[in-house]
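We count ligands from 1, going down the list as the structure has it; atoms in each ligand are counted the same way. Each residue takes its place number in the sequence, starting with 1.
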Amino acid sequence: EVPEIAVIEGDGIGREVVPAAVEVLDAVGDYAFAEAEAGDATLDETGEALPAETYELAASADATLFGAAGESAADVILPLREAVGSFVNVRPARAYPGVDALRPETDLVFLRENTEGVYAGHEDRLTDDVSTLTRVVTETASRRLGEFACEYVGERGKDGFTVAHKANVMRETDGLFRDTVLAEAEAAGVDADTVLMDAFATRVCLDPEQFDVIVCPNLAGDVLSDLAAGLVGGLGLLPSANVGPERGLFEPVHGTAPDIAGEGVANPSATILSAAMLVESLGDDDAGAQIRSAVESVLSDGPRTPDLGGEATTREVTDAVLARL
Ligand code: NAI
Ligand code: MG
């Protein structure tokens with residue numbers, strides 16, 4: 001049976017980079033695409049940023065490819081991650097030969113907790129002066145992430161992982177997170193060490209090679225992976241996979257890039273690399289490898305979009321990737 005891929009472009013450059021990735025998917029395999037709407041424009045038209053049909057499509061399709069949503073991002077992406085049952089966001093950040101990077105030796109994978117922390121917390125405005133946020137960390141979610149991290153390093157032939165946390169201050173929440181993930185590593189016989197997340201931010205800039213797989217709470221994973229994007233040449237290069245038990249949602253780390261949206265010059269690499277992660281989740285490792293190597297080849301000597309110092313359009317870069325598949 002042909003796998004069904006839900007396609008949600010969203011807003012801004014999502015409308016430019018998602019179609020590019022769909023062309024690439026179409027070239028490497030046999031997939032049935034089902035399009036659905038979400039984001040700011042959908043909110044304006046329908047009164048809902050994430051219509052029920054879109055949620056249901058993501059919840060039932062074999063995989064979902066998502067671009068980005070604008071100001072409604074939290075109302076779109078958080079429920080979509082929930083629709084696919086995602087508990088971890090996998091964010092590889094690596095520098096590619098030929099791309100001008102601050103730290104060309106960077107090769108990291110962030111495993112970001114995807115269901116709780118401050119993003120699932122309740123925010124309140126108590127008085128004119130005081131606002132509050134409750135942060136939720138559970139042993140259940142931390143254990144599931146720890147289990148995933150152990151499997152991930154095993155499958156990838158990695159030596160182990162590092163847990164980034166701030167348990168010296170947030171003793172209960174990050175303490176529970178750190179201790180639970182470490183206990184999973186110990187039970188699985190996987191090497192794991194820990195780092196305070198603020199110290200990590202400095203150390204990864206000075207010497208990214210000392211890290212490999214980093215397991216993070218939700219907010220920390222969001223911020224630290226964007227920081228890593230800065231080390232490798234920008235947000236246009238970072239894909240991500242929201243992994244659930246049965247299906248996943250694949251999206252670039254970047255947003256709608258309103259400063260360049262509509263100009264046809266967005267870098268499609270992050271979304272095309274997300275599509276590679278998508279086909280791998282469907283068991284099509286060959287197609288994934290094919291996509292990755294075509295993107296790497298174009299990044300090394302092909303046309304480049306302006307974010308990478310070139311003058312090429314999204315169309316030209318996509319054509320170059322298609323030609324090298
Ligand atoms: P952004 O990632 O959209 O843009 C940050 C900077 O990176 C901009 O200068 C942009 O031009 C550049 N950039 C990003 N992706 C690029 C690409 N593929 N090619 C070339 N340049 C690229 O982040 P920003 O500006 O903080 O947010 C803009 C909007 O996106 C906001 O409305 C925000 O809510 C939304 N957003 C949505 C996300 C999602 O749907 N998952 C994630 C992050 C932001
Ligand atoms: Mg982010």
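- Protein heavy atom at the shortest distance from atom 33 (C) of ligand 1 is Gly70 O, 3.7 Å.
- For Thr305, the heavy-atom gap to ligand 1 stays at 4.0 angstrom or more.
- Aromatic ring centres of Phe161 and Tyr152 lie farther apart than the 6.0 Å criterion allows.
- Ligand 1 places these atoms under 4.0 Å from at least one heavy atom of Ala68: 40 (O).
- Rounding to the nearest 0.5 Å places CG of Leu227 at 13.0 Å from CE of Met197.
- Taking atom 2 (O) of ligand 1 as the reference point, the nearest protein heavy-atom neighbour is Gly255 N, 2.8 Å.
- When only non-hydrogen protein atoms are considered, atom 7 (O) of ligand 1 lies nearest to Leu235 CD1, 3.9 Å.
- Close approach to Glu251 involves these atoms of ligand 1, each under 4.0 Å from a residue heavy atom: 41 (N).
- Distances from ligand 1 to the non-hydrogen atoms of Asp259 include at least one value under 4.0 Å.
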Query raised in the report: When you look at Asp212 and Arg156, which way does the salt bridge (charged side-chain N to carboxylate O under 4.0 Å, His left out) test go after all the steps?
Result: CA-CA 11 Å; Asp212 189 355; Arg156 310 274 156 158; over 6 Å; no
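- Among the atoms of Pro258, none of the N or O lies under 3.5 angstrom from an N or O of ligand 1.
- Distances from atom 24 (P) of ligand 1 to the protein include no heavy-atom value under 4.0 Å.
- In this structure, atom 27 (O) of ligand 1 is not in close contact with the protein, since no protein heavy atom lies within 4.0 Å of it.
- Side chain of Ser274 to main chain of Glu251: a donor-acceptor pair is present (N/O by atom type, distance under 3.5 Å, no hydrogens or angles).
- In this structure, the side chain of Thr54 does not engage the main chain of Leu50 through any donor-acceptor pair within 3.5 Å.
- When atom types are taken as modelled, the side chain of Arg247 and the backbone of Ala61 share a donor-acceptor pair closer than 3.5 angstrom.
- Of all protein heavy atoms, the one closest to atom 32 (O) of ligand 1 is Glu71 OE2, 2.7 Å.
- Looking from atom 3 (O) of ligand 1 to the surrounding protein, the closest heavy atom is Ala257 N, 2.7 Å.
- The closest side-chain heavy-atom distance from Thr314 to Asn267 is not below 4.5 Å.
- Its N, O or S atom nearest to the Mg ion (ligand 2) is what matters here, and for Asp222 that atom is OD1.
- A side-chain N or O of Thr138 and one of Glu116 form a donor-acceptor pair less than 3.5 Å apart.
- Side-chain N/O atoms of Arg112 and Asn114 include no donor and acceptor closer than 3.5 Å.
- Judged by distance alone, the side chain of Asp40 and the main-chain N or O of Glu71 form a donor-acceptor pair under 3.5 Å.
- Each of the atoms 40 (O) of ligand 1 lies under 4.0 Å from some heavy atom of Phe66.
- What sits closest to atom 16 (C) of ligand 1 on the protein, heavy atoms only, is Ile13 CD1, 3.8 Å.
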Report task. Could you give me the CA-CA distance, side-chain angles and deciding distance for Asp174 and Arg135, then say whether salt bridge (charged side-chain N to carboxylate O under 4.0 Å, His left out) is met? Result -> CA-CA 10 Å; Asp174 266 12; Arg135 179 165 189 248; 2.8 Å; yes
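- Residue contacts with ligand 1 leave out Ala270, since none of its heavy atoms falls under 4.0 Å from the ligand.
- What sits closest to atom 40 (O) of ligand 1 on the protein, heavy atoms only, is Ala69 N, 2.9 Å.
- Short contacts between ligand 1 and Gly236, defined as distances under 4.0 Å to a heavy atom of the residue, involve ligand atoms 17 (C), 18 (N).
- The protein non-hydrogen atom at the shortest distance from atom 22 (C) of ligand 1 is Ile260 CD1, 4.2 Å.
- Checking Leu237, Asn267, Val317 against atom 18 (N) of ligand 1, the nearest heavy atom belongs to Asn267.
- Without hydrogens or angle criteria, Arg81 side chain to Phe87 main chain gives no donor-acceptor distance under 3.5 Å.
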